[in-house]
Peer 1: 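There's a structure below that I have some questions on.
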Amino acid sequence: MSWVRRLARPDILALEPYEYATWREGFTRLNANELPWRASGDESDAGLNRYPEPQARALIERLAHLYRVSAGTLLICRGSDEAIDLLVRAFCRAGEDAVAVCPPTFGMYAVAARIQGARVIEVPLLAKKGFALDTSTLVERCTGGPVKLVFLCSPNNPTGNLLDASAILEVADALAGRALVVVDQAYIEFASDTAVDALLTRTPVLTAESALTSTEIKDTLLRVPRAPNLAILRTLSKAHGLAGARLGTLVARPDVIELVRKVIPPYAVPQVILEAVIALLSPLHLRTLPRRIAQVRAERTRMQQALAALPGVTGVLPSDANFLLARFTDPAQALERASAARLLVRDARSYPGLQDALRITIGTPEQNDMLLRTWI
Ligand SMILES: *Cc1c(COP(=O)(O)O)cnc(C)c1O
């Protein structure tokens with residue numbers, strides 16, 4: 001039995017998923033109890049009277065091209081938030097299994113685990129080492145116990161730092177066959193180019209896929225000969241500017257994708273979103289993306305220096321994301337002042353070790369200036 005089947009919840013392995021009405025292009029659909037006419041004013045391409053295509057092929061192909069992986073290694077989800085939830089549901093038995101997280105980090109991993117009734121094992125990042133992974137403790141806590149999933153966030157929210165790619169691989173290798181290591185790369189597009197490349201070429205892709213769309217993808221595949229126990233979360237919510245579309249992607253081995261697909265609602269992504277996102281992931285968008293990312297990075301550098309120079313700021317963490325975490329002598333007052341100027345920043349004080357910190361999203365230069373002015 002493959003390790004994926006061993007790790008999966010047995011009842012999900014055995015589950016007969018909901019059988020949705022067969023989707024076949026070019027056929028007249030008299031099989032799904034849809035109305036045969038469009039609602040008046042419905043100007044969508046496919047017609048909103050029809051259920052959307054599950055795991056729509058056109059979007060899968062766009063995303064496979066974007067992330068340079070093969071189609072069979074992708075699952076389209078309603079944001080990476082849904083991917084996190086589905087992974088926990090597919091792997092963790094309530095009251096028995098656990099996930100490992102490395103705080104301070106994104107809160108959804110622990111919330112999804114608790115909703116499922118899974119335990120949460122915390123192995124804090126090393127604050128003194130720039131919030132690096134505590135590799136040996138993590139491996140130790142995940143060995144021989146109930147941990148099925150390890151959630152790593154790189155760049156990490158809320159601290160902004162990249163986790164060392166070799167440390168991630170070390171954890172994955174040490175837990176091979178025993179846990180799935182899920183790397184959340186929601187902010188990876190904002191990281192330095194070399195870091196992005198290093199992580200992208202380590203994305204877990206399998207060579208058995210036939211659905212390659214270009215020789216470029218093939219080349220990437222060939223450079224990744226092994227299929228580690230890594231899964232990657234990507235999202236269109238951050239650098240792509242499509243948070244409102246709720247579109248995230250799980251990248252993993254085809255057997256993991258197949259398993260998780262058993263628990264995703266069949267018509268997860270609405271037709272209007274499918275059409276909008278397919279249209280938006282155009283060559284034009286992909287050409288403008290680097291410019292936007294460069295703008296965010298430039299403002300990030302400027303804000304990092306400007307914030308650090310403010311009298312009430314005791315430190316600003318270096319960031320590979322589109323936000324900065326700053327420490328304040330009086331964070332409550334900084335929050336109040338921002339709020340008085342009708343500016344919202346994120347209170348990070350409840351995270352362990354960040355009792356004096358606020359998280360600031362990089363805005364437009366004008367917005368950033370407004371924020372700086374409230375704190376001068
Ligand atoms: C914003 C964010 C996401 C994105 O979630 P979506 O559901 O795709 O919008 C995922 N992970 C982290 C760490 C985030 O900060």
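Counting starts at 1 for both ligands and their atoms, following the listed order.
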Peer 1: Under the salt bridge (charged side-chain N to carboxylate O under 4.0 Å, His left out) test, which residues partner Arg337, sequence neighbours left out?
Peer 2: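 Checked Arg337 against salt bridge (charged side-chain N to carboxylate O under 4.0 Å, His left out); zero matches.
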
Peer 1: I need the contact residues for ligand 1: any residue with a non-hydrogen atom closer than 4.0 Å to the ligand, ordered by chain then number.
Peer 2: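 Within 4.0 Å of ligand 1, protein side: Gly79, Ser80, Asp81, Phe106, Tyr109, Cys153, Asn157, Asp184, Ala186, Tyr187, Thr235, Ser237, Lys238, Arg246.
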
Peer 1: Under the side chain to side chain contact (heavy atoms under 4.5 Å, CB included) test, which residues partner Pro290, sequence neighbours left out?
Peer 2: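 Pro290 satisfies side chain to side chain contact (heavy atoms under 4.5 Å, CB included) with no other residue.
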
Peer 1: Below 4.0 angstrom, N of the basic side chain to O of the carboxylate: do Arg89 and Asp85 qualify?
Peer 2: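 Yes, charged N to carboxylate O under 4.0 Å.
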
Peer 1: Would you say CZ of Arg29 has more than 12 non-hydrogen atoms from neighbouring residues, nucleotides or ligands within 6.0 angstrom?
Peer 2: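 Check passes, neighbour count above 12.
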
Peer 1: Ring centroid separation for Tyr187 and Phe323, is it under 6.0 angstrom?
Peer 2: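 Here the rings of Phe323 and Tyr187 have centres that are less than 6.0 Å from each other.
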
Peer 1: List, one per line, each side-chain donor-acceptor pair under 3.5 Å for residues 240-250, sequence neighbours excluded.
Peer 2:
residue, atom, partner, partner atom, Å
His240, ND1, His285, NE2, 2.9

